[in-house]
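When a ligand or atom number is given, it counts from 1 through the structure's own listing order.
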Amino acid sequence: MSDVVTLTREGPIALIEINNPPVNALSTAVRQGLQNAVLEAEADDAIMALVIYGTGRAFIAGADIKEFGKPLQPPFLPELCTRIEACPKPVVAAMHGVSLGGGLEVALGCHYRIATPDARVGLPEVHLGLIPGAGGTQRLPRLTGTERGIEMMTSGRHVKAAEALEAGIIDEIGTASPRENGLAFATRIIEEGKPRRAVSELPAPAAVDWDAAYAATLKKGRGQLSPAMVVRAVQAAAEKPFADGLAEERRIFLELMETDQRKGMIHAFFGERAVSNLPELKGIDPRPLTAIGVIGGGTMGAGIATAALLAGLKVTLIEMSDEATEAAKGRIASNLQGALKRGKITEAKFTKLTEDALTLATTYDALADADLVIEAVFENMDVKKDVFTKLDAICKPGAVLASNTSYLDVAEIAAATSRPADVIGLHFFSPAHVMKLLEVVVPDAAAPDAVATGFALGKMLSKISVRAGVCDGFIGNRILSTYRAAADHMVLDGASPYEIDKVMTGFGFPMGPFAVADLAGLDIGWANRKRKRAEGLPPGMRDSSYADTLCEDGHFGQKTGKGYYVYEAGKRGGTPNPDVLPLIEAERAEKGLTAQDFTADDILARYMAAMVNEGAKILGEGIARRPLDVDMVLLFGYGFPRYHGGPMKWADMQGLDKILADLDRFAAENPEFWTPAPLLRSLVAEGRTFEDLNKEG
Ligand code: 3H9
């Protein structure tokens with residue numbers, strides 16, 4: 001008998017226990033162990049029913065994702081599920097924790113399913129660029145009906161036990177342990193002489209308008225293929241005999257396994273988990289964290305306070321006047337109202353958070369006991385230094401002092417205090433209670449346990465926390481300003497903002513860069529341009545001023561109803577602003593530029609080369625430690641399509657030599673802007689990839 005699956009007997013019942021921490025993934029050893037146990041129990045005349053259950057946190061969290069991309073080893077999961085279903089004795093799945101993907105498929109291969117009240121089930125394969133590949137697309141809709149089956153599999157959502165019962169996915173909820181639940185259920189089946197019930201023998205799911213469902217799903221997924229292919233697999237369930245439907249599911253599954261989308265999604269899955277796992281913080285305990293301070297109650301400060309309150313922290317928010325604290329309280333309450341409406345908190349919790357856990361004050365002494373303070377005040381070095389000098393005087397020893405600056409030098413801010421080891425950057429993204437990304441900015445002088453505390457806060461707030469070194473814009477905004485500049489240069493040279501937006505939404509971004517600018521407010525870019533002009537433009541950066549005219553005329557994007565696009569009240573999205581192209585043409589004429597044609601491929605190549613090259617520079621300078629750190633920043637802060645894995649993973653999949661060749665070609669026009677990062681050149685010369693750097697840690 002294997003280590004990971006054990007078979008014991010309790011009277012006429014075979015108890016098959018899976019014990020493969022942390023989440024009972026279906027590794028080759030587990031599949032082999034399950035098959036052996038089922039065959040042994042089947043051959044044992046004294047056994048009348050079988051129970052399969054898991055130990056630890058989950059029934060089974062699915063196929064072992066670490067085995068994907070390697071040659072598949074028998075026994076294969078679809079055959080194992082079919083084999084379990086073919087067992088002439090009733091087989092009961094006794095589920096708890098999560099039963100996901102292949103885990104639910106094993107359960108659907110069983111004849112009965114009983115689950116604990118806190119159990120959750122789901123087929124989340126689409127999040128890995130796949131479809132369920134062991135009968136899920138064929139069996140689930142036979143229980144739930146077509147619509148709910150498609151909805152569950154295209155969203156990949158986890159369904160709670162009560163809903164699973166109502167949807168017919170499980171037969172019963174049992175409040176004992178999985179082993180005891182299974183044993184009691186199997187005993188009853190034997191006593192009542194209940195027959196096996198094979199899901200594959202239930203009527204096929206009903207037909208729907210498959211082409212319409214496919215097209216709608218593809219559109220919703222912004223080009224992600226796997227959810228749309230779920231529809232095709234369910235279509236096969238409805239139209240073909242079970243075995244043929246299963247074969248069609250397998251064909252689609254194996255085809256998707258070979259796609260870059262699958263590789264990108266699995267990179268994102270592991271990247272998301274690896275990103276806050278920093279070798280330098282191994283064994284370093286964070287400082288205690290129960291009460292935090294927030295300075296500034298604008299959109300950002302209120303968002304940070306909201307996130308902290310929802311995470312169970314006590315929050316003291318400082319503003320300059322009573323009116324400003326009231327306004328901040330209103331913003332926080334309105335954010336929390338959102339959580340209340342979505343059922344994330346109760347009315348009582350809402351009151352507790354706004355009345356008990358939140359303190360508002362106008363003087364810094366209220367921060368004397370805070371474990372960590374985040375300032376989110378006006379983005380100006382003198383203002384920030386003043387805040388930190390005051391914090392230095394008031395805060396208790398060991399308190400972590402953090403700045404939410406988006407581009408200022410955190411080391412310089414730290415130097416304004418007598419305790420630079422306690423100072424870090426915590427760069428949130430707006431709205432801070434919604435956006436997942438947190439850049440933990442680490443100046444050289446920062447103490448490791450202060451950094452660990454930043455990561456601990458990120459974890460409490462359910463953020464994806466990424467370590468960034470100090471530079472203008474850190475990881476995300478520095479890369480953004482480079483690819484944004486590449487887009488602006490293309491506009492000067494002949495592309496229209498609308499073509500660029502179309503290409504980038506076609507690539508899978510929710511919005512193109514010009515629509516994003518309209519959303520953020522064109523005044524932000526305008527202020528930035530003025531600042532850069534005053535400082536002197538960086539080498540290779542070309543000035544463009546047509547958007548200044550829009551701002552001078554009072555058009556700041558969505559908030560004023562007009563920017564690159566015109567927005568009509570009550571309508572989502574906008575239509576191109578007819579004033580924009582003439583403004584661009586006038587600027588080209590003034591600068592003596594002749595418009596060139598840009599194909600969609602040209603636009604994509606330049607936009608992405610700029611992004612990847614800046615990412616490589618950031619890595620080469622040590623601002624980001626690993627390529628996956630850059631990938632997670634773009635994925636969680638900038639809408640980069642998850643199915644491409646992130647810019648560095650995408651570059652690996654394109655071939656770094658191709659990206660380098662593009663950069664060399666573009667550098668002929670503007671060497672200072674396009675010079676390839678030394679790291680990229682050396683990786684190509686050595687035949688290595690960004691993934692190799694991830695593996696080196
Ligand atoms: C599938 O089943 C295909 C089939 O249809 C057909 C096959 C033919 N494999 O997230 P956590 C690791 S596709 C390997 O931090 P949580 C994870 O990497 C699969 N490892 O904890 C981490 O490792 P480490 C469909 C896995 O409590 C540790 O477990 N299933 C797997 O926040 C803890 O994970 C899914 O897509 C796996 N399947 O969440 C489920 N799952 O400690 C994916 C987890 O070394 N998993 N690990 O960093 C999840 O959604 C969450 O991990 C889960 C736990 C909810 C299970």
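Without hydrogens or angle criteria, E17 side chain to L7 main chain gives no donor-acceptor distance under 3.5 Å. In this structure a side-chain-to-backbone donor-acceptor pair under 3.5 Å is missing from Q138 to S200. Judged purely by atom type and a 3.5 angstrom limit, D692 uses its side chain to pair as donor or acceptor with the backbone of T689. Side-chain atoms of D631 come within 3.5 Å of backbone atoms of M648 as a donor-acceptor pair (strictly under, hydrogens ignored).
For atom 56 (C) of ligand 1, a protein non-hydrogen atom is found at a distance below 4.0 Å. Distance screen at 4.0 Å: atom 30 (N) of ligand 1 has a protein heavy-atom neighbour inside the cut-off. Atom 24 (P) of ligand 1 is never approached by the protein to below 4.0 angstrom, counting heavy atoms only. Protein heavy atoms all stay at least 4.0 Å away from atom 42 (O) of ligand 1. Protein heavy atoms come within 4.0 Å of atom 18 (O) of ligand 1.
On a distance-only criterion, L130 and ligand 1 share no N/O pair closer than 3.5 Å.
Heavy-atom contacts of E125 reach the following atoms of ligand 1: 1 (C), 2 (O), 3 (C), 4 (C), 5 (O), 13 (S) (cutoff under 4.0 Å). Near R250, meaning under 4.0 Å from any of its heavy atoms, are these atoms of ligand 1: 8 (C). Those atoms of ligand 1 that come under 4.0 Å of a heavy atom in F270, given as number and element, are 18 (O). Ligand-side atoms of ligand 1 in range of P22: 28 (C), 29 (O), range being under 4.0 angstrom from any heavy atom. In the vicinity of G101, heavy-atom distances shorter than 4.0 Å reach the ligand 1 atoms 2 (O), 25 (C). Counting the atoms of ligand 1 from 1 in the order shown, those under 4.0 Å from a heavy atom of P132 are 5 (O). Short contacts between ligand 1 and V23, defined as distances under 4.0 Å to a heavy atom of the residue, involve ligand atoms 26 (C), 29 (O), 31 (C), 41 (N), 44 (C), 47 (N). Close contacts of ligand 1 with E105, meaning ligand atoms under 4.0 Å from a residue heavy atom, involve 4 (C), 5 (O), 6 (C).
Salt-bridge formation is not detected for the pair E249/R232: no Lys NZ or Arg NE/NH1/NH2 atom is positioned less than 4.0 Å from an Asp or Glu carboxylate oxygen. A salt bridge is defined here as a Lys NZ or Arg NE, NH1 or NH2 lying under 4.0 Å from an Asp or Glu carboxylate O, and R262 with E255 fails to meet this definition.
Here the protein heavy atom with the shortest distance to atom 7 (C) of ligand 1 is F253 CZ, 3.7 Å. Scanning the protein heavy atoms around atom 48 (O) of ligand 1, the nearest turns out to be R273 CB, 4.5 Å. Nearest protein heavy-atom neighbour of atom 9 (N) of ligand 1: I65 N, 3.0 Å. From the protein, the heavy atom lying nearest to atom 20 (N) of ligand 1 is K66 NZ, 3.6 Å. Protein heavy atom nearest atom 40 (C) of ligand 1, with residue, atom name and distance: A61 O, 3.3 Å. At the top of the distance list for atom 50 (O) of ligand 1, counting protein heavy atoms only, stands L100 CD1, 3.9 Å. Counting only heavy atoms of the protein, atom 13 (S) of ligand 1 lies nearest to L128 CD1, 3.7 Å.
Of the residues R139, R142, R196, the one that meets the salt bridge (charged side-chain N to carboxylate O under 4.0 Å, His left out) test with E85 is R139.
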**Message:** salt bridge (charged side-chain N to carboxylate O under 4.0 Å, His left out), that's the test. Do D171 and R197 meet it? Break it down for me.
**Reply:** CA-CA 11 Å; D171 303 293; R197 195 189 61 154; 3.3 Å; yes

**Asked** Hey, mind stepping through H96 and Y53 against ring pair (Phe, Tyr, Trp, His ring centres under 6.0 Å) and telling me if it holds?
**Response** CA-CA 8 Å; H96 78 291; Y53 66 98; 8.5 Å; no

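A distance of 10.5 Å separates SG in C81 from CZ in R31, rounded to the nearest 0.5 Å. Note: S27 OG to Q32 CD = 10.5 Å, rounded to the nearest 0.5 Å.
One option in P124, G133, G129 has a heavy atom closer to atom 6 (C) of ligand 1 than any other, and that option is G133. For atom 14 (C) of ligand 1, the nearest non-hydrogen atom from the set L26, D64, L80 comes from D64. Distances from atom 38 (N) of ligand 1 to the heavy atoms of A63, G62, P78, G102 put A63 nearest.
The cationic atom of R273 (NZ for Lys, CZ for Arg) lies less than 6.0 Å from the six-membered ring centre of F269 and within 45° of the ring axis.
Contacts with ligand 1 closer than 4.0 Å are made by no heavy atom of N277, backbone or side chain. Residue-level proximity to ligand 1 for R57 is carried by the side chain, the only part with a heavy atom below 4.0 angstrom.
For Y638 and F429, the ring centers sit closer than 6.0 Å to each other. The distance between the ring centers of F507 and Y643 does not fall below 6.0 angstrom.
Two residues are said to be in side-chain contact when any heavy atoms from C-beta on lie closer than 4.5 Å; L426 and V441 fail this criterion.
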